[in-house]
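Residue numbering restarts at 1 for every chain, and letters A, B, ... go by the order of the sequence lines.
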2 protein chains.
Amino acid sequence: MMTAPALDPETRLQRDDHEALRLWLRLFTCTTMVERRVDQMLKRAFGSSLARFDVLAQLDRAPDGLRMGALSEGTLTTNGNVTWLVAALEADGHVTRRTAPDDRRATVVRLTAAGRRHFTLMAREHEALIIHGFAGLTALERRTMHTLLGTVKQHLRLERTS
Amino acid sequence: MMTAPALDPETRLQRDDHEALRLWLRLFTCTTMVERRVDQMLKRAFGSSLARFDVLAQLDRAPDGLRMGALSEGTLTTNGNVTWLVAALEADGHVTRRTAPDDRRATVVRLTAAGRRHFTLMAREHEALIIHGFAGLTALERRTMHTLLGTVKQHLRLERTS
DNA sequence: GGTCTTTACTTGAAACTTCAAGTAAATCGC
DNA sequence: GCGATTTACTTGAAGTTTCAAGTAAAGACC
């Protein structure tokens, strides 16, 4: 192992910068590659999409349903997009929408039985693809990465509020 | 630290599965959060977008220009999308297109001087955002993550060809 | 209890992306 | 060299996403 050469502050800074950029580039590349595969699989095999799957996944974990706002936060997408996605899912009979009893501005979205079945089928294939995709790492490496990403995520969340 | 409990093969498998899924979920979340921030910044401050920036970034590293196909591979997007993006960038005067001298099917895209200036301005802000976003990790952690992602990326590439 | 602000969501236009099908040039096999 | 295949890109339609502006209900403040 080589000793790091002494660097003046400016050079060190540039080096750090490039490092962060390279990290981001790689993160972006890996995510996009997996994303595209998953999306294509969901489209071809189920006539669905990653965005729809994501909405269904949120709802699958919420037996009492979720409001549009919660879906929008959970999927990291805009309100308008969630409105559009849920409308499409409703047209397909996968979810229902009803006005919240305690707040007439709010809409509660719920999975239908058919929606749950549909999701379960997709989730199986989805999981297989993900497991396959990350099989290049050992279990320990996956855990390490999970932990590091946890730090990044928390940092991003904190940053957002300030 | 606890000792891991003994697990039968099936249970162990399920555990691994959930681990990979959780890793993917977190990876996706972090990437999307950064992506959205960068995209919003580029839109608000420069009337551009992450996709356009990505094309310009590829071209900035290629003084002799790039073919549409290379751009498409580099940006991990479809041919049709690159055609669209490049047409928009050309209309804005940021790039030029010309038929490749050695292959009349191919188009070579090159950054104009104005395009390079525009990109340089955006790159500055972009880098600042990225550095800020990953400041939650130490330099060592960033390196670790970079290495792990390298493994993932290579695994994904190898998988694709098979 | 009436205005003022905030919140929850929807809408429409424009931007972007994908997919499938198409065009034209290069290359392969003979 | 000539037809068959492949490659490089474009096109058009449909799908998706975003943004800004809008509507309606809830809550805040007197």
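Applying the 4.0 Å criterion to OP1 and OP2 of D/dT18, one finds that A/Thr78 has a side-chain N or O inside that range. For D/dT10, one of the phosphate oxygens OP1 or OP2 lies less than 4.0 angstrom from a side-chain nitrogen or oxygen of B/Arg97. In this model, the phosphate group of D/dA8 is not approached by any side-chain N or O of B/Thr107 to a distance below 4.0 Å at OP1 or OP2. For D/dT18, the OP1/OP2 oxygens have a side-chain nitrogen or oxygen of B/Arg36 closer than 4.0 Å. The phosphate of D/dC19 (OP1 or OP2) has a side-chain N or O of B/Gln40 nearer than 4.0 angstrom. Side-chain N/O atoms of A/Asn81 include one lying less than 4.0 angstrom from OP1 or OP2 on D/dT18.
Regarding B/Leu71, its CG atom lies at a distance of 14 Å from the P atom of D/dA8, rounded to whole Å. With rounding to whole Å, B/Trp84 atom CH2 is found 21 Å from D/dA8 atom C1'. Between A/Glu35 atom CD and D/dT16 atom P the separation is 14 Å, expressed in whole Å. What separates CG of A/Asn79 from P of D/dG22 is a distance of 17 Å, to the nearest Å. Counting to the nearest Å, the P atom of D/dT16 and the CG atom of A/Leu85 are 8 Å from each other. Put simply, CG on A/Asp102 is 12 Å from C1' on C/dA8, counting in whole angstrom units. As rounded to whole Å, 14 Å separates atom C1' of D/dT17 from atom CG of A/Asp54. Rounded to a whole Å, the CE atom of A/Met68 is 15 Å from the C1' atom of C/dT7.
Using a 4.0 Å heavy-atom criterion, one finds that A/Ala100 contacts no nucleic acid atom at all. Within the nucleic acid shown, A/Arg44 has no heavy atom closer than 4.0 Å to any nucleic acid atom. Among the heavy atoms of the strands lying under 4.0 Å from B/Thr83 is at least one base atom, whether or not backbone atoms are also near. Heavy atoms of A/Ser72 sit nowhere under 4.0 angstrom from any nucleic acid atom. Looking at heavy-atom distances under 4.0 Å, B/Gly69 makes contact with sugar-phosphate atoms alone, never a base.
Each of A/Lys43 and A/Arg104 was assigned the nucleotide of DNA chain D with the nearest heavy atom; the assignment lying further toward the 5' end belongs to A/Lys43. Sequence order on DNA chain C of the closest nucleotides to B/Ser49 and A/Val108 puts A/Val108 first from the 5' end. Mapping B/Asp39 and B/Arg105 onto DNA chain D via the closest heavy atom, the residue that lands nearer the 5' end is B/Arg105.
Classification of the A/His155-B/His132 ring pair by plane angle, with boundaries at 30° and 60°, yields perpendicular.
Side chain to side chain, B/Asn79 and B/Ser72 meet the donor-acceptor criterion of an N or O pair below 3.5 Å.
Using a 4.5 Å heavy-atom threshold, the side chains of A/Val108 and A/Thr96 count as separate. The shortest side-chain heavy-atom distance between A/Thr112 and A/Arg116 does not fall under the 4.5 Å cut-off.
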- Given the rule in the salt bridge (Lys or Arg N to Asp or Glu O under 4.0 Å) test, do B/Asp102 and B/Arg67 qualify, once you have shown the distances and angles that lead to the verdict? CA-CA 12 Å; B/Asp102 55 328; B/Arg67 293 185 175 195; 3.5 Å; yes

Worksheet entry | Test log, rule side-chain contact (heavy atoms from CB on, under 4.5 Å), inputs B/Trp24 and A/Thr31 | CA-CA 8 Å; B/Trp24 164 239; A/Thr31 303; 4.0 Å; yes

